[in-house]
S.K.: 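After the C-alpha coordinates below, expect a handful of questions from me.
For the numbers below, each heavy atom of this structure counts, side chains included, while hydrogens, waters and symmetry mates do not. As the structure lists them, so they are numbered: ligands from 1, and atoms in each ligand from 1.
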Amino acid sequence: MRFETASIHLGELESEGAVITPVFLTSTFEIDKGRYVYSRVSNPTVEVAEKKIAFLEKGESAVMFSSGMGAISTTILSLVKKGDTIVTHRDLYGGTVRFLELLSEYGIHVSFCEVDHLKERCDNADLVFMESITNPLVRVPDLEGVVKNSSGLVVVDNTLASPYNFNPLEHGADIVIHSATKYLGGHSDIISGVAVGEERIISRVRERRKLFGTNPDPFSAFLLNRSVKTLSVRMEVHNRNGRIIAEFLNEHDKVKKVHYPSLDTHPDRKRAERLMKGYGGLLSFELEGGYESAKRFINSLRIIKNAVSLGGVESLATIPSEIISRGLDTGVPKGLIRISAGIENSDDLIEDIENALKGIK
Ligand code: PLP
(Lines give C-alpha, C1' and ligand atoms only; values in the text may rest on other atoms or scores of the structure.)
Protein backbone atom coordinates (compact mmCIF):
# COMPACT_ATOMS: atom_id res chain seq x y z
CA MET A 1 0.00 0.00 0.00
CA ARG A 2 1.19 3.53 -0.74
CA PHE A 3 1.36 6.48 1.69
CA GLU A 4 -1.97 8.13 0.81
CA THR A 5 -3.92 4.86 0.79
CA ALA A 6 -2.33 3.50 3.97
CA SER A 7 -3.01 6.72 5.84
CA ILE A 8 -6.72 6.18 5.16
CA HIS A 9 -7.17 2.41 5.37
CA LEU A 10 -4.29 0.77 7.24
CA GLY A 11 -5.06 -0.85 10.57
CA GLU A 12 -8.74 0.20 10.80
CA LEU A 13 -10.75 -2.17 13.00
CA GLU A 14 -13.78 -3.79 11.48
CA SER A 15 -16.51 -3.37 14.05
CA GLU A 16 -20.22 -3.66 13.17
CA GLY A 17 -19.29 -2.57 9.65
CA ALA A 18 -18.18 0.88 10.80
CA VAL A 19 -15.91 2.53 8.22
CA ILE A 20 -14.03 4.47 10.90
CA THR A 21 -12.55 2.77 13.96
CA PRO A 22 -14.71 3.79 16.92
CA VAL A 23 -13.27 5.40 20.01
CA PHE A 24 -12.93 2.79 22.75
CA LEU A 25 -13.57 5.07 25.71
CA THR A 26 -12.95 2.49 28.39
CA SER A 27 -10.33 2.43 31.09
CA THR A 28 -10.49 -1.30 31.69
CA PHE A 29 -11.39 -4.57 29.92
CA GLU A 30 -12.89 -7.84 31.14
CA ILE A 31 -10.08 -10.27 31.84
CA ASP A 32 -9.92 -13.30 29.49
CA LYS A 33 -12.34 -11.71 26.97
CA GLY A 34 -9.59 -10.43 24.66
CA ARG A 35 -6.01 -9.21 24.67
CA TYR A 36 -6.62 -5.84 26.39
CA VAL A 37 -6.43 -5.33 30.15
CA TYR A 38 -6.15 -1.64 31.03
CA SER A 39 -6.00 1.49 28.82
CA ARG A 40 -2.81 2.87 30.41
CA VAL A 41 -1.13 -0.20 28.90
CA SER A 42 -2.93 -0.50 25.56
CA ASN A 43 -6.21 0.43 23.91
CA PRO A 44 -7.64 -0.56 20.47
CA THR A 45 -8.17 3.03 19.23
CA VAL A 46 -4.64 3.97 20.26
CA GLU A 47 -3.21 0.92 18.51
CA VAL A 48 -4.85 1.87 15.19
CA ALA A 49 -3.16 5.28 15.23
CA GLU A 50 0.14 3.62 16.20
CA LYS A 51 -0.01 1.08 13.35
CA LYS A 52 -0.79 3.76 10.81
CA ILE A 53 2.01 6.13 11.89
CA ALA A 54 4.54 3.26 12.09
CA PHE A 55 3.80 2.48 8.43
CA LEU A 56 3.99 6.14 7.32
CA GLU A 57 7.38 6.53 9.05
CA LYS A 58 8.60 3.24 7.50
CA GLY A 59 9.15 1.75 10.95
CA GLU A 60 8.28 -1.59 12.49
CA SER A 61 6.41 -0.30 15.57
CA ALA A 62 5.08 2.91 17.06
CA VAL A 63 4.06 3.99 20.51
CA MET A 64 1.76 6.94 21.08
CA PHE A 65 1.93 9.44 23.97
CA SER A 66 -0.09 12.11 25.70
CA SER A 67 2.14 14.82 24.12
CA GLY A 68 5.30 15.38 22.10
CA MET A 69 7.14 16.06 25.37
CA GLY A 70 5.75 12.78 26.71
CA ALA A 71 7.27 11.06 23.67
CA ILE A 72 10.63 12.82 24.08
CA SER A 73 10.98 12.37 27.84
CA THR A 74 9.76 8.76 27.94
CA THR A 75 11.87 7.71 24.94
CA ILE A 76 15.07 9.29 26.24
CA LEU A 77 14.58 7.96 29.76
CA SER A 78 14.03 4.47 28.30
CA LEU A 79 17.32 4.55 26.44
CA VAL A 80 19.89 6.23 28.71
CA LYS A 81 21.17 5.54 32.23
CA LYS A 82 23.18 7.42 34.85
CA GLY A 83 26.65 8.31 33.55
CA ASP A 84 25.62 8.36 29.87
CA THR A 85 26.20 11.27 27.50
CA ILE A 86 23.62 12.83 25.17
CA VAL A 87 24.79 15.11 22.36
CA THR A 88 22.39 17.52 20.70
CA HIS A 89 22.32 20.87 18.86
CA ARG A 90 21.54 24.26 20.42
CA ASP A 91 18.86 25.40 17.96
CA LEU A 92 16.24 23.02 19.33
CA TYR A 93 12.63 23.27 20.49
CA GLY A 94 12.72 25.11 23.86
CA GLY A 95 10.75 22.45 25.77
CA THR A 96 13.27 19.81 24.70
CA VAL A 97 16.17 22.05 25.79
CA ARG A 98 14.58 22.52 29.23
CA PHE A 99 13.98 18.78 29.61
CA LEU A 100 17.55 17.88 28.56
CA GLU A 101 19.01 20.46 30.95
CA LEU A 102 17.12 18.77 33.78
CA LEU A 103 18.85 15.46 33.14
CA SER A 104 22.14 16.56 34.73
CA GLU A 105 20.29 16.34 38.07
CA TYR A 106 19.97 12.61 37.39
CA GLY A 107 23.64 12.07 36.45
CA ILE A 108 23.14 12.18 32.67
CA HIS A 109 25.53 14.49 30.84
CA VAL A 110 24.07 16.58 28.00
CA SER A 111 26.29 18.43 25.57
CA PHE A 112 24.86 21.12 23.25
CA CYS A 113 26.72 22.12 20.08
CA GLU A 114 26.14 24.16 16.93
CA VAL A 115 24.15 22.39 14.20
CA ASP A 116 27.22 22.40 11.93
CA HIS A 117 29.37 20.64 14.56
CA LEU A 118 26.95 17.83 15.42
CA LYS A 119 28.65 15.30 13.13
CA GLU A 120 32.08 15.85 14.74
CA ARG A 121 30.80 16.03 18.31
CA CYS A 122 28.67 12.88 18.33
CA ASP A 123 31.31 10.10 18.13
CA ASN A 124 31.38 9.39 21.89
CA ALA A 125 27.68 9.96 22.55
CA ASP A 126 25.49 7.22 23.99
CA LEU A 127 22.55 8.98 22.37
CA VAL A 128 22.30 11.75 19.79
CA PHE A 129 19.12 13.81 19.81
CA MET A 130 18.43 15.97 16.77
CA GLU A 131 15.60 17.60 14.83
CA SER A 132 15.34 16.83 11.10
CA ILE A 133 14.34 20.49 10.58
CA THR A 134 15.25 22.64 13.57
CA ASN A 135 12.81 24.79 15.46
CA PRO A 136 12.89 27.79 15.09
CA LEU A 137 15.88 28.44 12.79
CA VAL A 138 14.79 25.88 10.18
CA ARG A 139 18.23 24.27 9.68
CA VAL A 140 18.57 20.75 8.27
CA PRO A 141 21.33 19.01 10.31
CA ASP A 142 23.50 16.35 8.67
CA LEU A 143 21.65 13.17 9.75
CA GLU A 144 23.66 10.91 7.45
CA GLY A 145 26.96 12.27 8.83
CA VAL A 146 25.71 11.76 12.38
CA VAL A 147 24.62 8.18 11.67
CA LYS A 148 28.05 7.45 10.17
CA ASN A 149 30.04 8.94 13.07
CA SER A 150 27.93 7.91 16.03
CA SER A 151 28.17 4.56 17.80
CA GLY A 152 25.19 5.42 20.05
CA LEU A 153 21.48 5.61 19.29
CA VAL A 154 20.26 8.38 16.99
CA VAL A 155 16.88 9.84 17.91
CA VAL A 156 15.31 12.28 15.43
CA ASP A 157 12.45 14.67 16.16
CA ASN A 158 10.79 14.74 12.73
CA THR A 159 7.91 17.03 13.75
CA LEU A 160 8.62 19.92 11.36
CA ALA A 161 9.17 17.73 8.30
CA SER A 162 6.31 15.24 8.93
CA PRO A 163 6.52 11.67 7.58
CA TYR A 164 5.12 12.92 4.28
CA ASN A 165 8.27 14.96 3.56
CA PHE A 166 10.96 12.86 5.21
CA ASN A 167 11.54 9.45 6.82
CA PRO A 168 14.68 9.52 9.04
CA LEU A 169 14.61 5.74 9.68
CA GLU A 170 15.43 5.20 6.00
CA HIS A 171 18.62 7.22 6.56
CA GLY A 172 19.85 5.27 9.57
CA ALA A 173 18.07 6.92 12.54
CA ASP A 174 17.10 4.49 15.32
CA ILE A 175 13.99 6.27 16.58
CA VAL A 176 11.76 8.94 15.11
CA ILE A 177 9.69 11.17 17.35
CA HIS A 178 6.80 13.49 16.55
CA SER A 179 4.87 16.04 18.42
CA ALA A 180 1.65 14.73 16.87
CA THR A 181 0.06 17.94 18.13
CA LYS A 182 1.51 19.50 14.95
CA TYR A 183 1.23 18.17 11.36
CA LEU A 184 0.01 14.66 12.24
CA GLY A 185 -2.87 16.10 14.29
CA GLY A 186 -3.11 19.07 11.94
CA HIS A 187 -6.15 20.85 13.37
CA SER A 188 -4.85 22.39 16.63
CA ASP A 189 -7.34 20.34 18.64
CA ILE A 190 -5.19 17.65 20.27
CA ILE A 191 -1.94 17.38 22.25
CA SER A 192 -0.22 14.16 21.31
CA GLY A 193 3.11 12.48 20.55
CA VAL A 194 4.54 9.35 18.98
CA ALA A 195 7.83 7.42 18.74
CA VAL A 196 8.62 4.97 15.91
CA GLY A 197 11.38 2.41 15.40
CA GLU A 198 12.28 -1.27 15.59
CA GLU A 199 10.08 -3.30 17.94
CA ARG A 200 13.12 -4.35 20.04
CA ILE A 201 13.67 -0.67 20.98
CA ILE A 202 10.03 0.47 20.97
CA SER A 203 9.07 -2.34 23.37
CA ARG A 204 11.44 -0.80 25.97
CA VAL A 205 9.84 2.60 25.44
CA ARG A 206 6.34 1.09 25.70
CA GLU A 207 7.24 -0.51 29.04
CA ARG A 208 8.33 2.89 30.39
CA ARG A 209 5.20 4.61 29.06
CA LYS A 210 3.19 2.20 31.14
CA LEU A 211 5.13 3.16 34.28
CA PHE A 212 5.38 6.91 33.60
CA GLY A 213 1.70 7.12 32.62
CA THR A 214 2.48 9.15 29.49
CA ASN A 215 -0.08 7.17 27.46
CA PRO A 216 -2.60 9.07 25.30
CA ASP A 217 -6.33 9.12 25.97
CA PRO A 218 -8.41 7.14 23.43
CA PHE A 219 -10.29 10.20 22.20
CA SER A 220 -7.04 11.94 21.16
CA ALA A 221 -6.04 8.73 19.39
CA PHE A 222 -9.38 8.74 17.55
CA LEU A 223 -8.83 12.36 16.43
CA LEU A 224 -5.24 11.62 15.45
CA ASN A 225 -6.34 8.64 13.34
CA ARG A 226 -8.93 10.89 11.67
CA SER A 227 -6.30 13.57 10.98
CA VAL A 228 -3.65 11.27 9.54
CA LYS A 229 -6.09 10.34 6.74
CA THR A 230 -5.64 13.83 5.23
CA LEU A 231 -1.92 14.28 5.98
CA SER A 232 -0.74 14.03 2.37
CA VAL A 233 -3.17 16.61 0.99
CA ARG A 234 -2.54 19.00 3.88
CA MET A 235 1.25 18.68 3.57
CA GLU A 236 1.16 19.53 -0.13
CA VAL A 237 -0.49 22.86 0.72
CA HIS A 238 1.74 23.52 3.78
CA ASN A 239 4.80 22.91 1.57
CA ARG A 240 3.48 25.27 -1.11
CA ASN A 241 2.37 28.04 1.26
CA GLY A 242 5.63 27.85 3.24
CA ARG A 243 7.61 28.29 0.06
CA ILE A 244 5.43 31.12 -1.30
CA ILE A 245 5.64 33.12 1.96
CA ALA A 246 9.40 32.54 2.31
CA GLU A 247 10.02 33.71 -1.27
CA PHE A 248 7.80 36.76 -0.83
CA LEU A 249 9.58 37.80 2.39
CA ASN A 250 12.98 37.17 0.86
CA GLU A 251 12.28 39.81 -1.81
CA HIS A 252 10.91 42.42 0.62
CA ASP A 253 13.11 45.42 1.45
CA LYS A 254 12.06 45.55 5.13
CA VAL A 255 13.17 41.95 5.67
CA LYS A 256 16.76 41.27 6.70
CA LYS A 257 16.93 37.48 6.60
CA VAL A 258 14.59 34.55 5.88
CA HIS A 259 15.16 30.99 7.11
CA TYR A 260 13.59 28.39 4.79
CA PRO A 261 15.35 25.51 3.00
CA SER A 262 14.09 26.30 -0.52
CA LEU A 263 15.96 29.64 -0.62
CA ASP A 264 19.35 29.96 -2.37
CA THR A 265 20.72 31.65 0.74
CA HIS A 266 19.87 28.70 3.03
CA PRO A 267 23.02 26.90 4.29
CA ASP A 268 21.45 23.41 4.02
CA ARG A 269 19.57 23.90 0.79
CA LYS A 270 21.35 21.11 -1.13
CA ARG A 271 20.96 18.57 1.67
CA ALA A 272 17.28 19.44 2.12
CA GLU A 273 16.68 19.14 -1.62
CA ARG A 274 18.36 15.73 -1.75
CA LEU A 275 16.58 14.28 1.29
CA MET A 276 13.15 15.87 1.47
CA LYS A 277 10.03 15.98 -0.65
CA GLY A 278 9.12 19.43 0.73
CA TYR A 279 9.95 21.61 3.73
CA GLY A 280 6.57 22.10 5.41
CA GLY A 281 4.95 25.34 6.49
CA LEU A 282 7.39 26.52 9.15
CA LEU A 283 9.67 29.44 8.33
CA SER A 284 11.30 32.20 10.35
CA PHE A 285 12.64 35.63 9.48
CA GLU A 286 14.18 38.82 10.88
CA LEU A 287 13.13 42.36 10.06
CA GLU A 288 15.56 45.25 9.45
CA GLY A 289 13.91 47.03 12.41
CA GLY A 290 14.62 44.17 14.88
CA TYR A 291 12.44 43.32 17.88
CA GLU A 292 10.32 46.51 17.94
CA SER A 293 9.33 46.01 14.30
CA ALA A 294 8.66 42.32 14.95
CA LYS A 295 6.19 43.26 17.72
CA ARG A 296 4.43 45.76 15.49
CA PHE A 297 4.30 43.28 12.61
CA ILE A 298 2.81 40.49 14.72
CA ASN A 299 0.19 42.83 16.19
CA SER A 300 -0.85 44.07 12.73
CA LEU A 301 -1.65 40.64 11.28
CA ARG A 302 -5.35 39.97 10.78
CA ILE A 303 -5.70 36.43 9.40
CA ILE A 304 -2.51 34.95 10.85
CA LYS A 305 -3.00 34.51 14.61
CA ASN A 306 -0.36 35.32 17.21
CA ALA A 307 -0.05 31.96 18.96
CA VAL A 308 2.52 29.27 19.72
CA SER A 309 2.44 25.84 18.05
CA LEU A 310 2.56 24.94 14.37
CA GLY A 311 1.35 22.45 11.81
CA GLY A 312 -2.36 23.27 12.03
CA VAL A 313 -4.58 24.20 9.10
CA GLU A 314 -4.61 27.82 10.32
CA SER A 315 -1.53 30.05 9.98
CA LEU A 316 0.15 31.20 13.20
CA ALA A 317 2.94 33.66 13.99
CA THR A 318 5.04 34.07 17.10
CA ILE A 319 8.25 35.64 18.42
CA PRO A 320 10.16 32.63 19.87
CA SER A 321 12.42 34.75 22.14
CA GLU A 322 9.32 35.88 24.05
CA ILE A 323 7.90 32.47 24.96
CA ILE A 324 9.32 29.25 23.53
CA SER A 325 13.04 30.10 23.72
CA ARG A 326 12.78 32.65 26.54
CA GLY A 327 15.88 32.65 28.76
CA LEU A 328 17.56 29.87 26.77
CA ASP A 329 20.98 29.97 25.14
CA THR A 330 19.77 28.56 21.81
CA GLY A 331 21.15 31.28 19.51
CA VAL A 332 17.70 32.58 18.53
CA PRO A 333 17.77 36.33 17.65
CA LYS A 334 15.45 38.42 19.86
CA GLY A 335 13.55 39.82 16.88
CA LEU A 336 13.07 36.49 15.07
CA ILE A 337 9.49 35.95 13.84
CA ARG A 338 8.29 32.40 13.26
CA ILE A 339 5.39 31.72 10.92
CA SER A 340 3.58 28.42 10.61
CA ALA A 341 1.90 28.59 7.21
CA GLY A 342 -1.49 26.89 7.28
CA ILE A 343 -3.53 25.75 4.31
CA GLU A 344 -5.49 28.95 3.62
CA ASN A 345 -5.41 30.57 0.18
CA SER A 346 -1.84 31.84 -0.21
CA ASP A 347 -3.04 35.17 -1.72
CA ASP A 348 -4.88 35.95 1.53
CA LEU A 349 -1.80 35.11 3.58
CA ILE A 350 0.50 37.24 1.42
CA GLU A 351 -1.96 40.18 1.59
CA ASP A 352 -2.07 39.87 5.38
CA ILE A 353 1.74 39.85 5.61
CA GLU A 354 2.12 42.68 3.06
CA ASN A 355 -0.34 44.89 4.99
CA ALA A 356 1.39 44.19 8.31
CA LEU A 357 4.77 45.07 6.76
CA LYS A 358 3.38 48.40 5.48
CA GLY A 359 2.83 49.51 9.09
CA ILE A 360 6.49 49.22 10.13
CA LYS A 361 9.44 51.50 9.43
N1 PLP B 1 9.19 18.90 19.21
C2 PLP B 1 9.02 20.02 18.48
C3 PLP B 1 9.88 20.24 17.28
C4 PLP B 1 8.05 20.95 18.85
O5 PLP B 1 7.90 22.07 18.11
C6 PLP B 1 7.25 20.70 20.00
C7 PLP B 1 6.21 21.66 20.43
O8 PLP B 1 6.11 22.77 19.97
C9 PLP B 1 7.47 19.54 20.73
C10 PLP B 1 8.44 18.65 20.31
C11 PLP B 1 6.67 19.23 21.96
O12 PLP B 1 5.41 18.74 21.61
P13 PLP B 1 4.08 18.88 22.51
O14 PLP B 1 3.77 20.32 22.62
O15 PLP B 1 3.09 18.07 21.77
O16 PLP B 1 4.42 18.28 23.86
Side-chain angles (χ1 to χ4, degrees), residues 49 53 57 62-77 86 88-102 112 115 128-141 143 155-163 165-166 168 173 175-196 209 212-217 220-221 223-224 227-228 238 242 259 261 276 279-284 305-312 314 316-326 328 330 332 336 338-342:
I53 294 168
E57 267 300 2
V63 54
M64 192 184 158
F65 295 90
S66 51
S67 67
M69 286 313 299
I72 290 169
S73 57
T74 308
T75 300
I76 290 179
L77 291 175
I86 298 174
T88 187
H89 46 82
R90 271 169 85 219
D91 170 30
L92 193 65
Y93 168 61
T96 310
V97 175
R98 288 178 220 276
F99 167 72
L100 291 173
E101 283 179 348
L102 209 65
F112 292 88
V115 165
V128 180
F129 188 92
M130 58 188 284
E131 291 174 346
S132 53
I133 300 180
T134 67
N135 181 5
L137 287 171
V138 207
R139 292 290 308 270
V140 180
L143 169 62
V155 180
V156 180
D157 181 336
N158 197 32
T159 300
L160 267 57
S162 90
N165 285 329
F166 186 50
I175 299 234
V176 168
I177 284 179
H178 284 275
S179 165
T181 311
K182 314 298 194 258
Y183 289 115
L184 290 173
H187 297 72
S188 306
D189 54 8
I190 54 167
I191 299 283
S192 174
V194 66
V196 189
R209 179 186 73 173
F212 293 173
T214 45
N215 56 288
D217 69 277
S220 293
L223 288 176
L224 180 58
S227 294
V228 165
H238 285 298
H259 307 269
M276 297 179 175
Y279 314 125
L282 196 103
L283 60 117
S284 57
K305 302 271 185 310
N306 177 13
V308 298
S309 203
L310 61 109
E314 61 287 298
L316 302 176
T318 183
I319 299 176
S321 69
E322 283 190 332
I323 306 179
I324 310 160
S325 311
R326 192 180 184 153
L328 297 175
T330 53
V332 172
L336 188 83
R338 192 187 78 175
I339 288 187
S340 170

S.K.: Looking at Ser67, which atoms of ligand 1 are within less than 4.0 Å of one of its heavy atoms?
M.R.: 15 (O), 16 (O)
S.K.: Would you sort out whether Thr74 and Thr214 count as a side-chain hydrogen bond (donor to acceptor under 3.5 Å, both in side chains), showing the intermediate values?
M.R.: CA-CA 7 Å; Thr74 308; Thr214 45; 2.9 Å; yes
S.K.: Okay, side chain of Ser340, backbone of Gly311: is any donor-acceptor separation there less than 3.5 Å?
M.R.: yes
S.K.: Counting neighbours of CZ on Arg326 that are heavy atoms of other residues, nucleotides or ligands and sit closer than 6.0 Å, is the number greater than 12?
M.R.: no
S.K.: Verify, without hydrogens or angle tests, whether Tyr183 (side chain) and Gly281 (backbone) share a donor-acceptor contact under 3.5 angstrom.
M.R.: yes
S.K.: Show the atoms of ligand 1 that are less than 4.0 angstrom away from any heavy atom in Glu131.
M.R.: 3 (C)
S.K.: Would you mind listing which atoms of ligand 1 come within a distance below 4.0 Å of any non-hydrogen atom of Ser192?
M.R.: 15 (O)
S.K.: Which is closest to atom 4 (C) of ligand 1 by heavy-atom distance: Phe99, Tyr93, Phe65?
M.R.: Tyr93
S.K.: Nearest heavy-atom pair of Arg98 and Ile323: which atoms, and what distance?
M.R.: NH2-O, 3.9 Å
S.K.: In the protein, what heavy atom is nearest to atom 15 (O) of ligand 1, and what distance, to one decimal place, separates them?
M.R.: Thr181 OG1, 2.6 Å
S.K.: Could you pull out the closest heavy-atom pair between His178 and Pro163, with the gap in Å?
M.R.: CE1-CD, 3.4 Å
S.K.: Without swapping roles, check the side chain of Thr159 against the backbone of Ser179 for a donor-acceptor pair under 3.5 Å.
M.R.: yes
S.K.: When you look for heavy atoms under 4.0 Å from ligand 1, do you find them on the side chain of Ile72, its backbone, both, or neither?
M.R.: side chain
S.K.: Around atom 12 (O) of ligand 1, find the nearest protein heavy atom and jot down its residue, atom name and distance.
M.R.: Ser179 OG, 3.0 Å
S.K.: Show me which atoms of ligand 1 lie under 4.0 Å from any heavy atom of Gly68.
M.R.: 12 (O), 13 (P), 15 (O), 16 (O)
S.K.: Nearest protein heavy atom to atom 3 (C) of ligand 1, by residue and atom, and its distance?
M.R.: Asp157 OD2, 3.4 Å
S.K.: Looking only at heavy atoms, what is the nearest atom pair of Met64 and Ser192, with distance?
M.R.: CE-OG, 3.3 Å
S.K.: Specify the protein heavy atom at minimum distance from atom 16 (O) of ligand 1: its residue, its atom name, and the distance to 0.1 Å.
M.R.: Met69 N, 2.8 Å
S.K.: Starting from atom 5 (O) of ligand 1, locate the nearest protein heavy atom and write down its residue, its atom name and how far away it is, to 0.1 Å.
M.R.: Asn135 ND2, 2.9 Å
S.K.: Indicate the atoms forming the closest heavy-atom contact of Leu316 with Leu310, along with that distance.
M.R.: CD1-N, 4.4 Å
S.K.: What protein heavy atom lies closest to atom 14 (O) of ligand 1? Include the residue and the distance to one decimal.
M.R.: Lys182 NZ, 3.6 Å
S.K.: At under 4.0 Å between heavy atoms, which part of Ser309 makes contact with ligand 1: side chain, backbone, both or neither?
M.R.: neither
